[in-house]
> 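Handing you this structure, nothing more for now.
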Amino acid sequence: MASVLEELRWRGLLANSTDEAALAAHLNAGPVTFYVGFDPTAPSIHFGNLVQLIVARHLQRAGHRPLILVGGSTGLIGDPKESSERILNPKEVVADWVERIRAQVERFVEFDGPAAALVVNNLDWTGELATLDFLRDVGKHFPVNRMLGRDVVRSRLEDGISYTEFSYVLLQALDYRELFRSFGCTLQFGGSDQWGNITAGVELIRRSEGARVHALATPLLTKADGSKFGKTEGGTVWLDPTMTSPYAFYQFFLQAEDAKVVEYLKVFSPRDRDAIDELARETELRPHLRLAQRALADDVTVLVHSQAERDAAVAAGEALFGNSDLRALSESTLRGIVSELPHHLMPAGDPGATDEWQLPTALDVLSLSGVAASRSEARRAIEQGGAYLNNQRVSDPEARLAPDDLLHGRYVIARRGKRTVGAVTIDARPTASATG
RNA sequence: GGCAGGUUGCCCGAGUGGCCAAAGGGAGCAGACUGUAAAUCUGCCGGCUCAGCCUACGUUGGUUCGAACCCAACACCUGCCA
């Protein structure tokens with residue numbers, strides 16, 4: 001049976017590690033307590049964090065014990081990014097995000113059994129830490145000349161970096177030492193962009209505790225052209241269903257490139273080697289069937305959301321793509337689809353009160369539904385022949401809907417291009433018989 | 001605190017009085033070709049009641065018939081000096 005390290009390697013989840021032979025021996029010798037951290041920089045974790053949670057699952061299944069750290073304190077400081085200084089978020093906001101993220105990560109690890117996971121918050125040990133103690137006990141171990149050599153810092157020397165962000169690495173290193181002391185944690189991993197922060201912890205423990213601990217880094221997932229994988233039209237792919245709907249989430253994975261889909265499957269899918277090899281063959285022989293993409297989207301959506309959400313996302317996709325007749329759908333099916341899409345509820349006017357009440361125009365529907373960011377963009381889409389209402393191409397921006405255009409008397413599905421879909425719901429149909 | 005340089009559309013970046021909604025590149029969007037893939041080609045890419053109008057070049061005020069471009073003050077960033 002393959003070791004967990006070999007498994008991770010095969011899945012392409014190992015980008016970097018401290019002495020790998022030593023780590024392999026350590027993992028072999030018995031249950032290891034490991035940690036991975038997530039900083040609250042938004043109300044939800046995102047697609048990129050998912051990779052770390054998956055690694056945590058693999059390790060836990062191999063009998064090791066996860067500590068999932070939510071960065072209540074590091075989130076107040078901000079890990080320096082190459083581009084520019086971050087804006088500090090208010091403490092209450094960060095505290096709120098900590099709670100949300102804590103709830104999210106709990107889905108991915110087991111809290112029972114011998115390798116039960118634990119969620120920790122670094123604010124618990126840094127919140128009350130005195131500055132002088134910090135400088136004496138932690139700062140003393142960090143040569144500034146070495147810190148200046150770090151890539152992120154170097155990239156910021158020109159444009160500037162605050163002392164706050166410059167100090168971030170000390171806090172993360174301190175976290176590792178704290179978890180080492182309190183829980184005997186001897187392995188930390190994270191994304192490859194975290195490597196510097198992670199090894200700083202390894203070094204701090206070596207210097208102040210005289211102990212040798214380990215580290216791993218997962219690779220940054222890229223697209224075929226080398227750019228970062230993880231952004232979509234709407235921006236970041238979030239795990240929170242109110243920020244990225246399960247439908248959009250499913251679509252994101254379904255649209256994976258052929259050249260990369262097998263790589264993503266290895267990372268995200270629980271399927272074993274044989275199953276993935278089979279999907280790789282399918283992608284080569286019958287790429288148009290997109291079996292690998294479907295498997296990928298299925299697996300990740302079920303993992304992050306649920307089987308039911310996955311089923312709904314598939315049903316919605318089938319109805320919306322191609323030129324299927326949306327009129328054939330039952331009202332309940334349609335309602336389900338609409339709820340997955342960006343949509344806008346439009347109150348129907350009371351024809352008795354406003355004799356001018358009219359149904360919206362094509363332009364209205366495209367912009368209200370959110371399919372087009374502005375009316376200008378909607379106009380452009382129509383001019384370019386890329387706008388559809390209920391799967392019918394639109395040519396006149398001012399064309400007004402007729403009552404008959406409303407699916408089940410209320411819904412209009414708007415689409416721009418192939419993939420951008422939204423809906424408008426007319427709240428209640430005006431009683432046309434009011435005046436006869 | 002002093003001196004010097006900087007702040008342009010999503011990002012980078014040109015523009016130093018009218019021809020500027022602002023070159024060029026990147027990102028992005030649409031169309032064609034396809035397979036909800038990639039590559040390629042074409043078009044688009046501030047907003048709107050869209051042959052016109054409105055808002056925009058850090059902020060505020062000024063000069064001018066006219067300002068992204070000139071002047072003043074302020075804010076922020078960078079460097080050098082204290």
Side-chain angles (χ1 to χ4, degrees), chain A residues 80-88 154-165 222-237 247-265 279-280 282-298 301 313-324 337 340-341 356 358 360-364 366-389 391 393-398 400 413-422:
Chain A
K81 39 177 192 177
E82 300 221 339
S83 50
S84 58
E85 185 83 12
R86 290 172 193 270
I87 293 171
L88 290 178
R154 261 192 309 197
S155 72
R156 287 282 296 280
L157 286 180
E158 183 78 8
D159 293 328
I161 178 170
S162 67
Y163 187 75
T164 307
E165 287 193 0
T222 58
K223 297 202 286 186
D225 64 3
S227 64
K228 190 175 168 186
F229 178 59
K231 293 288 181 191
T232 176
E233 274 183 64
T236 307
V237 178
Y247 169 78
F249 187 87
Y250 184 90
Q251 287 289 322
F252 171 73
F253 289 98
L254 183 63
Q255 288 160 5
E257 301 163 312
D258 288 358
K260 283 285 184 172
V261 68
V262 173
E263 187 181 310
Y264 302 152
L265 265 174
L279 287 166
E282 280 294 336
T283 297
E284 232 166 273
L285 297 175
R286 289 175 281 277
H288 56 282
L289 294 182
R290 312 174 66 79
L291 291 182
Q293 278 90 343
R294 287 178 208 286
L296 173 66
D298 283 353
T301 308
V314 170
E318 280 171 1
L320 297 170
F321 279 92
N323 290 314
S324 61
I337 291 170
E340 285 289 303
L341 303 175
E356 298 208 351
Q358 306 184 82
T361 63
L363 214 48
D364 294 333
L366 257 352
S367 58
L368 289 174
S369 64
V371 156
S374 67
R375 309 192 108 234
S376 294
E377 187 175 284
R379 198 178 289 275
R380 249 175 258 134
I382 294 170
E383 276 167 14
Q384 293 176 136
Y388 303 81
L389 293 186
N391 279 351
R393 184 175 274 188
V394 181
S395 55
D396 177 7
E398 309 296 342
R400 205 165 277 286
I413 305 289
R415 193 172 101 222
R416 179 168 56 86
K418 237 170 209 174
R419 317 168 180 177
T420 312
V421 195

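Fair warning: this is a prediction, and the values are worked out from it, not measured in the lab. Residue numbers begin at 1 in each chain, while the letters A, B, ... track the order of the sequences.
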> Please measure how far the P atom in U49(B) lies from the corresponding atom in A72(B), and state the result in whole Å.
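Nearest-Å result for U49(B) against A72(B) at atom P: 42 Å.
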> Provide, to the nearest angstrom, the distance between the CZ atom belonging to R419(A) and the P atom belonging to G31(B).
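So the CZ-P distance, R419(A) to G31(B), works out to 11 Å.
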> Starting from P on U36(B), measure out to OH on Y388(A) and report it in whole angstrom.
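Taking OH of Y388(A) and P of U36(B), I get 12 Å after rounding.
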> How far, in whole Å, is G1(B) from A73(B) if one measures between their P atoms?
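So the two P atoms sit 16 Å from each other.
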> Quickly work out the E282(A) CD to G35(B) P distance and round it to whole Å.
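Roughly 17 Å, once rounded to whole Å.
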> Measure CG/D258(A) against C1'/A38(B) and give the value in whole Å, please.
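Result: 7 Å.
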> Within the structure provided, determine whether Y388(A) and V394(A) are in side-chain contact (heavy-atom separation under 4.5 Å).
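No. Closest side-chain heavy atoms not under 4.5 Å.
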> Using the C1' atom on both, measure A21(B) against U55(B) and round to a whole Å.
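One C1' to the other, the span is 10 Å.
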> Roughly how far apart, to the nearest Å, are G13(B) and U63(B) at atom C1'?
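Result for the C1' pair: 30 Å, nearest Å.
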> Within a strict 4.5 Å, meaning less than it, do heavy atoms of the V371(A) and R415(A) side chains meet?
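When only atoms from C-beta onward are counted, R415(A) and V371(A) do not touch, as no gap falls below 4.5 Å.
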> At what distance, to the nearest 0.5 angstrom, does CG of N391(A) lie from CD1 of I413(A)?
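Answer for the CG-CD1 pair, N391(A) versus I413(A), is 8.5 Å.
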> Please determine, for G24(B), whether a Watson-Crick or G-U wobble partner exists with both distances under 3.5 Å, and give it or none.
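By the stated definition (distances under 3.5 Å), C12(B) pairs with G24(B).
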> Any strand counts, and the cut-off is 3.5 Å on both contacts for Watson-Crick or G-U wobble. Which nucleotide pairs with A73(B)?
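A73(B) is paired, partner U59(B).
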> Decide yes or no for T361(A) and D396(A): does some side-chain heavy atom of the first lie under 4.5 Å from some side-chain heavy atom of the second?
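Heavy-atom side-chain distance check fails, nothing below 4.5 Å.
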> Please report the distance, rounded to the nearest Å, between OH in Y247(A) and P in U36(B).
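Distance check: Y247(A) OH to U36(B) P gives 12 Å.
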> Taking atom P of A37(B) as reference, at what distance in whole Å does atom NZ of K223(A) sit?
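It is 12 Å, rounded to the nearest whole Å.
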> Would you kindly compare G386(A) and A259(A) by the position of their nearest RNA chain B nucleotide and give the one closer to the 5′ end?
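It is G386(A), whose closest nucleotide lies nearer the 5' terminus.
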> Roughly how far apart, to the nearest Å, are A68(B) and A23(B) at atom P?
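Straight-line distance between the two P atoms is 15 Å.
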> Within this structure, what is the CZ-to-P distance between R393(A) and A30(B), rounded to whole angstrom?
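So the two atoms are 12 Å apart, to the nearest Å.
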> Suppose you measure atom P in C19(B) against the same atom in G52(B); what distance do you get, rounded to whole Å?
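Comparing P positions in C19(B) and G52(B) gives a spacing of 15 Å.
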> Check the distance between G43(B)'s C1' and E383(A)'s CD and give it to me in whole angstrom.
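About 11 Å, once rounded to whole Å.
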> From L366(A) CG over to R416(A) CZ, what is the distance, rounded to the nearest 0.5 angstrom?
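Reported to 0.5 Å precision, the distance equals 8.5 Å.
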> Any N/O pairs under 3.5 Å between the protein and nucleotides 80-82 of chain B? List them or say none.
none

> Sticking with atom C1', work out how far G9(B) lies from G26(B), rounded to a whole angstrom.
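Approximately 14 Å lies between the C1' atom of G9(B) and that of G26(B).
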> Listing time: all N or O pairs from protein to nucleotides 44-50 of chain B that are below 3.5 Å?
{"unit_1": "C44(B)", "atom_1": "O4'", "unit_2": "Q384(A)", "atom_2": "OE1", "d": "3.4"}
{"unit_1": "G47(B)", "atom_1": "OP1", "unit_2": "S374(A)", "atom_2": "OG", "d": "3.0"}
{"unit_1": "G47(B)", "atom_1": "OP2", "unit_2": "R380(A)", "atom_2": "NH2", "d": "2.7"}
{"unit_1": "C48(B)", "atom_1": "OP1", "unit_2": "R375(A)", "atom_2": "N", "d": "2.9"}
{"unit_1": "C48(B)", "atom_1": "OP2", "unit_2": "R375(A)", "atom_2": "N", "d": "3.4"}
{"unit_1": "C48(B)", "atom_1": "OP2", "unit_2": "S376(A)", "atom_2": "N", "d": "2.5"}
{"unit_1": "C48(B)", "atom_1": "OP2", "unit_2": "S376(A)", "atom_2": "OG", "d": "2.3"}
{"unit_1": "U49(B)", "atom_1": "OP1", "unit_2": "R375(A)", "atom_2": "NH1", "d": "2.9"}
{"unit_1": "C50(B)", "atom_1": "N4", "unit_2": "S376(A)", "atom_2": "OG", "d": "3.1"}
{"unit_1": "C50(B)", "atom_1": "N4", "unit_2": "R379(A)", "atom_2": "NE", "d": "3.0"}

> Applying a 3.5 Å limit to both distances, which nucleotide forms a Watson-Crick or G-U wobble pair with G35(B)?
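In the structure as shown, G35(B) has no Watson-Crick or wobble partner.
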> Identify whether the distance between the nearest side-chain nitrogen and carboxylate oxygen of R380(A) and E383(A) falls below 4.0 Å.
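No salt bridge links R380(A) with E383(A).
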> Please give the distance between the C1' atoms of U59(B) and C44(B) as a whole number of Å.
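Looking at atom C1' only, U59(B) and C44(B) are 33 Å apart.
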> Which nucleotide, in any strand shown, forms a Watson-Crick or G-U wobble pair with A67(B), with both distances under 3.5 Å?
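No nucleotide pairs with A67(B).
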> On RNA chain B, does the nearest nucleotide to K418(A) precede the nearest nucleotide to G385(A) from the 5' side, or the other way round? Give the residue.
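Nearest-nucleotide comparison on RNA chain B picks G385(A).
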> Hey, mind stepping through E263(A) and K223(A) against salt bridge (charged side-chain N to carboxylate O under 4.0 Å, His left out) and telling me if it holds?
CA-CA 10 Å; E263(A) 187 181 310; K223(A) 297 202 286 186; over 6 Å; no
> Please give the nucleotide sitting opposite A30(B) as a Watson-Crick or G-U wobble pair, both distances under 3.5 Å, or none.
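U42(B) is the nucleotide pairing with A30(B).
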> With both distances under 3.5 Å as the test, what is the Watson-Crick or G-U wobble partner of C80(B)?
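With both distances under 3.5 Å, C80(B) matches G2(B).
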> Table please: side-chain donor-acceptor pairs of residues 282-294 of chain A below 3.5 Å, with sequence neighbours left out.
{"unit_1": "E282(A)", "atom_1": "OE1", "unit_2": "R286(A)", "atom_2": "NE", "d": "3.0"}
{"unit_1": "E282(A)", "atom_1": "OE1", "unit_2": "R286(A)", "atom_2": "NH2", "d": "3.4"}
{"unit_1": "E282(A)", "atom_1": "OE2", "unit_2": "R286(A)", "atom_2": "NH2", "d": "2.8"}
{"unit_1": "T283(A)", "atom_1": "OG1", "unit_2": "L279(A)", "atom_2": "O", "d": "3.0"}
{"unit_1": "R290(A)", "atom_1": "NH2", "unit_2": "L254(A)", "atom_2": "O", "d": "2.8"}
{"unit_1": "Q293(A)", "atom_1": "NE2", "unit_2": "A256(A)", "atom_2": "O", "d": "2.9"}
{"unit_1": "Q293(A)", "atom_1": "NE2", "unit_2": "D258(A)", "atom_2": "OD1", "d": "2.9"}
{"unit_1": "R294(A)", "atom_1": "NE", "unit_2": "L289(A)", "atom_2": "O", "d": "3.2"}

> Do Y250(A) and E340(A) have side chains that get closer than 4.5 Å, going by heavy atoms?
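They are not in contact (no side-chain heavy atoms under 4.5 Å apart), so the answer is no.
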> Would you check if F253(A) and D298(A) make a side-chain contact, meaning some heavy-atom pair closer than 4.5 Å?
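They are not in side-chain contact.
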> In Å and rounded to the nearest 0.5 Å, what is the CG to NZ distance from L296(A) to K260(A)?
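Here the rounded value is 13.0 Å.
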